[in-house]
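Both backbone and side-chain heavy atoms feed into the values below; hydrogens, waters and symmetry mates do not. So you know, we letter chains A, B, ... as the sequences are listed, proteins then strands, and number each from 1. Note that this is a predicted model, so its numbers are computed, not measured.
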Number of protein chains: 4
Amino acid sequence: MISINSRDSRAIYEQVREQYRKLIVSGVLLPDEQLPSVRETAASLAINPNTIQRAYRELEADGYIYSLPGKGSFVGDFRQIGTERKRELFKIFDEIAAELLYFGVSTKELCDRLEGEARA
Amino acid sequence: MISINSRDSRAIYEQVREQYRKLIVSGVLLPDEQLPSVRETAASLAINPNTIQRAYRELEADGYIYSLPGKGSFVGDFRQIGTERKRELFKIFDEIAAELLYFGVSTKELCDRLEGEARA
Amino acid sequence: MISINSRDSRAIYEQVREQYRKLIVSGVLLPDEQLPSVRETAASLAINPNTIQRAYRELEADGYIYSLPGKGSFVGDFRQIGTERKRELFKIFDEIAAELLYFGVSTKELCDRLEGEARA
Amino acid sequence: MISINSRDSRAIYEQVREQYRKLIVSGVLLPDEQLPSVRETAASLAINPNTIQRAYRELEADGYIYSLPGKGSFVGDFRQIGTERKRELFKIFDEIAAELLYFGVSTKELCDRLEGEARA
DNA sequence: GTGGTCTAGACCACC
DNA sequence: GTGGTCTAGACCACT
């Protein structure tokens, strides 16, 4: 489910965290679904469990997952918690959109694109 | 025209490059307009000219500016070169939009936001 | 017929020389066809005649044109003279081809491309 | 592995960059193979490390190598990145071929030449 | 040890 | 004056 790219200059825990984040926000992993355990993930990637632990810890701090000691880690209902993340996203969205508009892309083209994504 | 934030973790040349890039793509600096010279910018920011030179060099490599040795550096006609940049931007736009949509933001809200930007 | 790009960092006489060279090797200008005079070209581009003169001089040195004092400059039958130029071209051709082949392009694809050009 | 020609009018960093580029695209250096370190190369050529650094930086920007800070620089999987490079190469290939064809070289001669290279 | 950034100061060619 | 290259030497974070 997760892979590590040794050519990627980012730290391993960042790669793991980002990949889980994308799996969660893209809906591949559904709310309350159980994640593979820290040890399991670590073993399958041949990586130190502490590294995975750190990725999970940060995912939990941002509300993407929640952990039940002794039971495991689960996908959170991040939609309620996402307020801060949404603010970040809107900021980037505005910047990107502004540049695209200045490059001559019409608002209509962008809206059509959004609707295309929404259907997908 | 440009400022440096010592609390910004990015390298100085990146800060300078990004600020000029934004000034250009936002239309504050117009095509063929002359940029302040390397030395001038360096002096006004109390920074080594080599650092500014590097920012200018990368801006030129990406087509945002063009340099005429002995004359100065000028804003390029980035709209022609923008084709590649647009591809990058669309890619980020899609990722950001996908995440926002999954967070429950409606396409309509995003479209309205786009139109708000277009008017601004 | 010729244009000058002030954004081009190359010297003006180089721009002129290269543009005439391309017009000649591409067959737009035919052997023994008369070129616009130095003064005429200089006037139409609002440029010092010496600059055009230098371009013509170098074109003549390489056999692309020949000058008849008092009559004008004419396109040469460079196919006989092109020996040295051909050696250069073959060298570049080999380098480019080697890189393309290493990138996985087949010789057949390149040959087809050559035949396409030959027909055009 | 690399040499510098003081009679070459090109900048030192360009000579270094081009020589490494050729070693990579010709397959002498294989993907993920480690390059000599910046300092090592600089020392062996009696050149300032900054100059080599710049060559490496540009190679990385073009995807020919990737750098892992603290570990070293390695040959990239340029065949993936080669798409853009191929476009450039095809463009030059067409120009060179067009000129050769106009000089009276037959497509057959060029194709034979290509096959000769492919076997080599 | 590695890559990466930055400074200070020099020199060149061109305008 | 301009952009561009190069050197010498320092410092940082990471392995």
Asker: Given that both pair distances must be under 3.5 Å and the pair must be Watson-Crick or G-U, what runs of three or more consecutive pairs involve DNA chain E?
Answerer: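 E:1-14 with F:1-14 - these are the stems of 3 or more pairs that involve DNA chain E.
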Asker: Answer yes or no: is there a side-chain heavy-atom contact under 4.5 Å between B:D77 and B:Y66?
Answerer: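 No, their side chains stay 4.5 Å or more apart.
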Asker: With side chains defined as the heavy atoms from C-beta onward, is the minimum distance between C:Y13 and C:Q53 less than 4.5 Å?
Answerer: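 Result no, sub-4.5 Å side-chain heavy-atom pair not found.
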Asker: In this structure, are over 12 heavy atoms from other groups packed under 6.0 Å from C:R7 atom CZ?
Answerer: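 More than 12 within 6.0 Å, yes.
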Asker: Under the side-chain contact (heavy atoms from CB on, under 4.5 Å) rule, what do B:R10 and B:N5 come out as? Steps first, then yes or no, please.
Answerer: CA-CA 9 Å; B:R10 290 178 303 173; B:N5 181 358; over 6 Å; no
Asker: Figure out the CD/P separation between B:E40 and F:dT2, and round it to whole Å.
Answerer: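 Those two atoms, CD and P, are 7 Å apart.
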Asker: Quick check on A:R39: does its CZ atom have over 12 non-hydrogen neighbours (other residues, nucleotides or ligands) under 6.0 Å away?
Answerer: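 Atom CZ in A:R39 is not crowded, with 12 or fewer foreign heavy atoms closer than 6.0 Å.
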Asker: Hey, what's the ring geometry for D:F103 with C:Y64, parallel, tilted or perpendicular (30° and 60° as the breaks)?
Answerer: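 Rings of D:F103 and C:Y64: tilted, as their planes differ by 30° to 60°.
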Asker: A:E60: which residues meet the salt bridge (Lys or Arg N to Asp or Glu O under 4.0 Å) condition with it, sequence neighbours left out?
Answerer: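 Not a single residue meets the salt bridge (Lys or Arg N to Asp or Glu O under 4.0 Å) criterion with A:E60.
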Asker: Taking the side chain from A:Q34 and the backbone from A:G72, do they hold a donor-acceptor pair closer than 3.5 Å?
Answerer: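 Looks like no, no N/O pair under 3.5 Å.
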Asker: If a protein heavy atom is under 4.0 Å from the base, mark B; if only from the sugar-phosphate, S; if neither, -; do that for nucleotides 4-10 of chain F going 5' to 3'.
Answerer: BBBBBB-
Asker: I need the CD1-P distance between D:I52 and E:dT2, as an integer number of Å.
Answerer: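 These atoms are roughly 14 Å apart.
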